[in-house]
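Structure, as structure tokens:
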Amino acid sequence: MINMKIDLEHISRLANLELTEEEKKILPGQIEKIIGWVGQLASLKTDEEEKYTPIDFSLRLDEDEIEKSLSQEEVLAMAPEKDGDFLKVPKVLQGK
Amino acid sequence: MKLIEFGLVEILSLVRKGEVRVVEIVEDYIARIEQEDQKIKAYLTYAFDKALARAREIDSKKEKGKLAGAIIAIKDNIVTKGIRTTCASRILENFIPPYNATVIDRLEAEDAIIIGKTNLDEFAMGSSTENSAFFPTRNPWDTERVPGGSSGGSAAAVAALEAVAALGSDTGGSVRQPAAFCGVVGLKPTYGRVSRYGLIAYASSLDQIGPLARSVEDCALVTSVIAGFDRKDSTSSPLPVPDYLAELKTSLPKIRVGALEESSLNGVSQEVASNYRAILRLLEELGIEIQRMTFPSWEYALPCYYVIAPSEASSNLARYDGVRYGFRAESRELSEMYLKTRTQGFGSEVKRRILLGTFALSSGYYEAYYARAAKARQVITREFAAAFDRVDFILTPTTPEPAFKLGEKQDPISMYLQDYFTVAANLAGIPGISIPSGFTADGLPLGVQLLGRAFSESELFRLAFLLEKNINLKNNKSEI
């Protein structure tokens with residue numbers, strides 16, 4: 001198993017996640033252990049190998065038929081906050 | 001005999017003959033759930049009122065669909081119009097979808113009734129249903145033990161007679177492992193066989209929806225209804241769907257079954273290994289040729305999966321940002337809202353996998369992790385192709401051990417090892433079915449898995465059906 005130090009702070013920033021105090025205690029160790037464990041892939045000879053691609057279905061063109069999709073009301077009904085016909089979010093720019 | 005005790009094929013025939021009304025069946029299941037589910041906790045949401053209303057409609061119809069009388073439970077990562085769909089996550093706790101998944105439309109078009117939404121590991125990430133943000137589900141055979149996962153609620157509901165059949169989803173073993181733990185039949189169809197439109201995405205190159213049922217016949221019938229091309233899922237296959245139930249009656253041609261070498265059973269519990277040997281002997285007695293095989297690349301299947309699946313999850317779960325649907329955390333500005341929403345909305349296992357995937361895809365590590373795993377996946381797929389040149393099916397235990405106790409597996413990797421036998425089929429896109437194969441001395445169910453070539457579901461069902469008829473299960477009703 002390869003022991004690797006991971007910059008979890010950087011990774012969580014990329015993933016838009018923060019860790020709780022409890023998670024800060026256990027997650028870094030666990031994640032390093034898991035990354036060490038998946039590191040055994042390095043011992044499988046794959047240099048000559050192609051990357052896997054899921055089953056190849058031939059491309060198909062849809063008929064240009066008009067179908068009903070979800071209405072604006074239905075979509076907006078799911079939103080945590082809305083304003084008229086718009087989704088509402090907190091202000092985008094930081095500062096006052 | 002109570003109506004809940006009839007299997008799917010039997011109860012449908014009673015409805016067809018006019019001997020039972022659908023509303024009576026629904027009422028019996030509701031009574032059963034009200035009596036048992038406080039203990040089992042298979043369901044996150046009940047849909048009793050809708051189910052009763054629908055039953056009355058179906059009873060008044062002259063021409064009924066082929067699933068009239070089927071009372072079905074749905075894993076709560078499959079969207080149901082007007083019925084809360086949570087994925088067992090705080091982030092979707094109050095989410096009511098405005099549309100149905102294709103599989104739901106197909107079931108309802110044949111007059112099946114949705115009785116409720118079942119518990120799972122949050123976002124289908126886990127093997128015990130303990131990762132649900134709400135509560136764990138219990139195994140009906142021993143309520144101190146887990147039902148498996150991630151489709152644990154669906155498997156427990158079927159085993160506890162709280163539904164006649166259920167839908168689950170299988171990304172690394174999430175239908176087959178709980179099926180084995182709960183003593184029911186579970187199929188992971190070929191990648192592309194069943195539309196995933198409306199299945200909340202976890203790892204899109206691996207996810208498949210599959211049925212859980214009390215028998216191979218019931219499982220075959222549900223599969224033939226939900227399978228088939230769907231223009232809303234670009235990965236769904238245009239191949240025609242056979243009538244799997246009718247084809248069960250046709251005999252299998254001369255077949256060969258691949259079996260694991262003894263050395264491959266080193267890591268499994270003694271009772272699982274001896275049950276596996278017994279099933280192999282049974283196959284031989286049935287005149288089926290057995291060929292011993294090794295699968296050296298399987299050692300790499302789980303590490304491969306734990307790069308691919310988290311990578312895809314980190315991308316798929318980026319959509320939960322508190323803007324369009326789901327939970328939103330109170331914040332003064334937008335970027336803080338994203339961060340707080342995701343931090344408070346996701347549980348630890350989900351965070352663990354998002355972080356793992358983000359790492360594997362991040363600059364400087366992509367080649368060493370993601371690219372290498374994608375190549376390992378190709379090696380695994382080719383190894384299957386070579387095996388299927390020599391044999392028609394492969395038989396393995398479904399799980400390395402029977403159902404474990406709640407709280408027993410604290411280390412993530414020991415939980416991940418649950419999927420040792422199941423995960424390779426997801427990586428290669430081939431179908432696999434788990435059927436009950438016996439019991440431990442303590443009375444816990446055991447299962448074996450049959451794997452076949454892509455789109456060989458019909459043959460897979462026929463061999464499973466043959467085995468099911470010949471496996472002697474002494475006490476095949478859980479006493480609850």
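In the text below, chain A, chain B and the rest are named by the order of the sequence lines, each starting its count at 1.
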Part of B/Leu302 lying under 4.5 Å from any heavy atom of chain A: both

Do you see a donor-acceptor pair shorter than 3.5 Å between the side chains of A/Glu74 and A/Ser71? yes

Per-residue contact mode, A/Leu87 against chain B (heavy atom under 4.5 angstrom): side chain

Looking at B/Arg193 and B/Glu457, is there a salt bridge between them, counting it only when a charged N and a carboxylate O are closer than 4.0 Å? no

Kindly say whether B/Thr171 contributes a backbone atom to a donor-acceptor pair with the side chain of B/Asn426 at under 3.5 angstrom? yes

As an exercise: rank B/Ser348, B/Ala360, B/Pro97 by heavy-atom pairs under 4.5 Å with chain A and give me the winner. B/Ser348

Can you tell which part of B/Tyr305 gets under 4.5 Å to a heavy atom of chain A, answering side chain, backbone, both or neither? neither

Using heavy-atom distances under 4.5 Å, tell me whether A/Glu18 contacts chain B through its side chain, its backbone, both, or neither. both

For B/Arg353, salt bridge (Lys or Arg N to Asp or Glu O under 4.0 Å) partners two or more places apart: B/Glu349

Check the side chains of B/Glu333 and B/Ser331 for a donor-acceptor pair under 3.5 angstrom, ignoring hydrogens and angles. no

Only pairs of heavy atoms separated by less than 4.5 Å count here; which of B/Arg332, B/Arg352, B/Glu336 has the most with chain A? B/Arg352

Are A/Ile6 and A/Pro28 close enough that some pair of their side-chain heavy atoms sits under 4.5 Å apart? no

Greatest number of non-hydrogen atom pairs under 4.5 angstrom with chain B, of A/Leu27, A/Val92, A/Leu76, A/Thr20, falls to A/Leu27

Tell me, for B/Asp411 versus chain A, whether the close heavy atoms (under 4.5 Å) come from the side chain, the backbone, both or neither. side chain

Check whether B/Glu330 gets within reach of chain A through its side chain, its backbone, both or neither, counting any heavy atom under 4.5 Å. neither

B/Leu206, B/Asp207, B/Thr235 screened by side-chain contact (heavy atoms from CB on, under 4.5 Å) with B/Tyr191, the one that passes: B/Thr235

Top contributor to chain A contacts, counting heavy-atom pairs under 4.5 Å, from B/Lys375, B/Met337, B/Lys340, B/Arg231: B/Lys375

Does either side chain, that of B/Arg372 or that of A/Thr46, offer a donor lying less than 3.5 Å from an acceptor on the other one? no

Would you please indicate yes or no on a ring centroid separation below 6.0 angstrom for B/Phe95 and B/Tyr320? no

With chain A, the option among B/Gly322, B/Pro412, B/Ala371 that has the most non-hydrogen atom pairs under 4.5 Å is B/Pro412

Heavy-atom cut-off 4.5 Å, strictly under: side chain, backbone, both or neither for A/Leu70 against chain B? side chain

Heavy atoms, side chains only, cut-off 4.5 Å: are B/Tyr369 and B/Tyr306 in contact? no

Bottom line for A/Lys82: the part with an atom under 4.5 Å from chain B's heavy atoms is neither

Under a 4.5 Å heavy-atom cut-off, does chain B meet the side chain of A/Glu67, its backbone, both or neither? side chain

With a 4.5 Å cut-off on heavy-atom pairs, point out which of B/Ser314, B/Pro296, B/Cys304, B/Ala368 contacts chain A the most. B/Cys304

